[in-house]
Amino acid sequence: MHLLYEAGAVFTAIDTETTSITPKNGRIMEIGAVKFDKDGIISTFNQLFNPQCIIPPFVSQLTGITQRMVITSPLISEKLPDFIKMIENTILIAHNAQFDLNFINAECIRFELEPTGNKAIDTLQFSRWFYPSMEKHKLDYLAQQLKIDSGHSHRTYDDANACMHLFVKMCTESKD
């Protein structure tokens with residue numbers, strides 16, 4: 001990964017907040033993304049969506065996202081093409097990447113868009129390899145241990161930003 005990073009590859013750290021743990025039963029209610037390369041941040045995406053369903057109380061408690069916050073937000077179908085364009089030709093970075101990709105691709109299929117074909121790096125797996133002695137590998141725990149500003153945990157832009165910083169830290173430390 002260090003070689004890709006140093007060669008100037010463009011990455012996009014992504015995160016989603018959803019109404020359920022499965023794309024079949026749930027919808028995306030927020031996407032956050034930070035597009036970057038070794039020189040810094042190129043662009044960002046941060047958007048709440050009206051999931052057109054009730055947000056379970058547990059999810060609201062975990063994320064801080066309430067029904068009131070999303071009721072006037074756009075539908076994901078209105079903004080998903082912009083997000084897909086942003087991540088085009090980038091390597092995706094996510095903590096537990098398969099979860100986010102499964103939801104994003106399910107939404108793409110729902111709205112007759114091509115599922116993402118991006119390569120992805122999972123910082124959860126990468127961190128388990130890179131920091132084997134860490135007690136936990138949750139993003140907020142790693143951020144705290146590594147002195148990375150994690151902002152508000154379970155809000156997508158802050159989690160994507162923390163994920164980007166974790167990835168960069170592992171890439172730059174791996175060259176030593």
Side-chain angles (χ1 to χ4, degrees), residues 11-35 44-88 90-128 134-144 148-167:
F11 303 92
T12 305
I14 63 168
D15 187 49
T16 61
E17 292 301 336
T18 63
T19 61
S20 172
I21 59 169
T22 64
K24 182 179 179 185
N25 300 323
R27 297 292 180 266
I28 293 175
M29 57 185 188
E30 186 177 37
I31 295 178
V34 182
K35 186 176 185 176
T44 63
F45 184 95
N46 187 30
Q47 181 67 59
L48 282 169
F49 300 104
N50 181 338
Q52 297 183 290
C53 64
I54 299 299
I55 299 171
F58 166 77
V59 172
S60 286
Q61 185 177 9
L62 178 69
T63 64
I65 299 170
T66 65
Q67 207 72 42
R68 180 178 282 169
M69 291 169 67
V70 299
I71 199 73
T72 60
S73 295
L75 302 179
I76 194 166
S77 59
E78 298 170 36
K79 300 288 183 178
L80 189 58
D82 296 335
F83 173 73
I84 297 301
K85 182 147 183 66
M86 178 192 175
I87 67 171
E88 196 172 66
T90 70
I91 300 167
L92 300 179
I93 308 294
H95 208 72
N96 195 13
Q98 202 57 57
F99 177 88
D100 298 300
L101 291 172
N102 286 344
F103 268 93
I104 290 166
N105 286 330
E107 295 288 7
C108 285
I109 291 166
R110 267 186 208 104
F111 299 107
E112 299 179 356
L113 298 171
E114 200 63 36
T116 64
N118 301 61
K119 300 288 185 207
I121 296 170
D122 187 341
T123 54
L124 175 60
Q125 297 302 322
F126 191 13
S127 71
R128 286 178 177 154
M134 284 281 187
E135 185 179 324
K136 302 176 204 163
H137 290 89
K138 291 181 132 203
L139 182 59
D140 56 346
Y141 178 83
L142 291 168
Q144 180 185 14
I148 295 170
D149 180 9
S150 61
H152 183 358
S153 183
H154 294 290
R155 288 307 301 266
T156 60
Y157 179 79
D158 289 342
D159 283 353
N161 193 51
C163 188
M164 172 192 70
H165 285 289
L166 174 62
F167 175 75

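Treat the numbers as computed from the prediction; the structure is a model and nothing was measured.
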S.K.: Do M29 and T63 come within less than 4.5 Å of each other through their side chains, counting heavy atoms only?
M.R.: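 Yes, side chains in contact.
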S.K.: Is there a side-chain contact between Y157 and V34 (heavy atoms, below 4.5 Å)?
M.R.: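 Yes, close enough: below the 4.5 Å cut-off.
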S.K.: To the nearest 0.5 Å, how far apart are CD in E17 and CG in D100?
M.R.: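 Here the rounded value is 8.5 Å.
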S.K.: If you round to the nearest 0.5 Å, how far is CD of E78 from CD of Q47?
M.R.: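 The CD atom of E78 is 9.0 Å from CD of Q47, to the nearest 0.5 Å.
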S.K.: Looking at R155 and E30, is any side-chain nitrogen of the basic one under 4.0 Å from a carboxylate oxygen of the acidic one?
M.R.: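 The answer is yes: the pair qualifies as a salt bridge.
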S.K.: What's the spacing between I21 CD1 and N102 CG if we round to 0.5 Å?
M.R.: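 Going from the CD1 atom of I21 to the CG atom of N102 covers 12.0 Å.
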S.K.: Is there a donor-acceptor pair under 3.5 Å between the side chain of N50 and the backbone N or O of T72?
M.R.: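 Not confirmed, N50 side chain does not pair with T72 backbone.
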S.K.: So, for I109 and P115, which heavy atoms are closest and what is the spacing to 0.1 Å?
M.R.: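 Taking every non-hydrogen atom into account, CG1-CG, 3.9 Å.
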S.K.: Is the shortest heavy-atom distance from the side chain of I54 to the side chain of Q67 under 4.5 Å?
M.R.: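 Heavy-atom side-chain distance check passes, below 4.5 Å.
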S.K.: How many angstroms lie between CD in E107 and CZ in F49, if you round to the nearest 0.5 Å?
M.R.: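 The CD atom of E107 sits 8.5 Å away from the CZ atom of F49.
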S.K.: Could you go through the side-chain contact (heavy atoms from CB on, under 4.5 Å) check for K79 and I31 one step at a time?
M.R.: CA-CA 10 Å; K79 300 288 183 178; I31 295 178; over 6 Å; no
S.K.: Quick check: closest heavy atoms across A94 and I14, and the distance to 0.1 Å?
M.R.: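 Closest approach of A94 to I14, heavy atoms only: CB-O, 3.7 Å.
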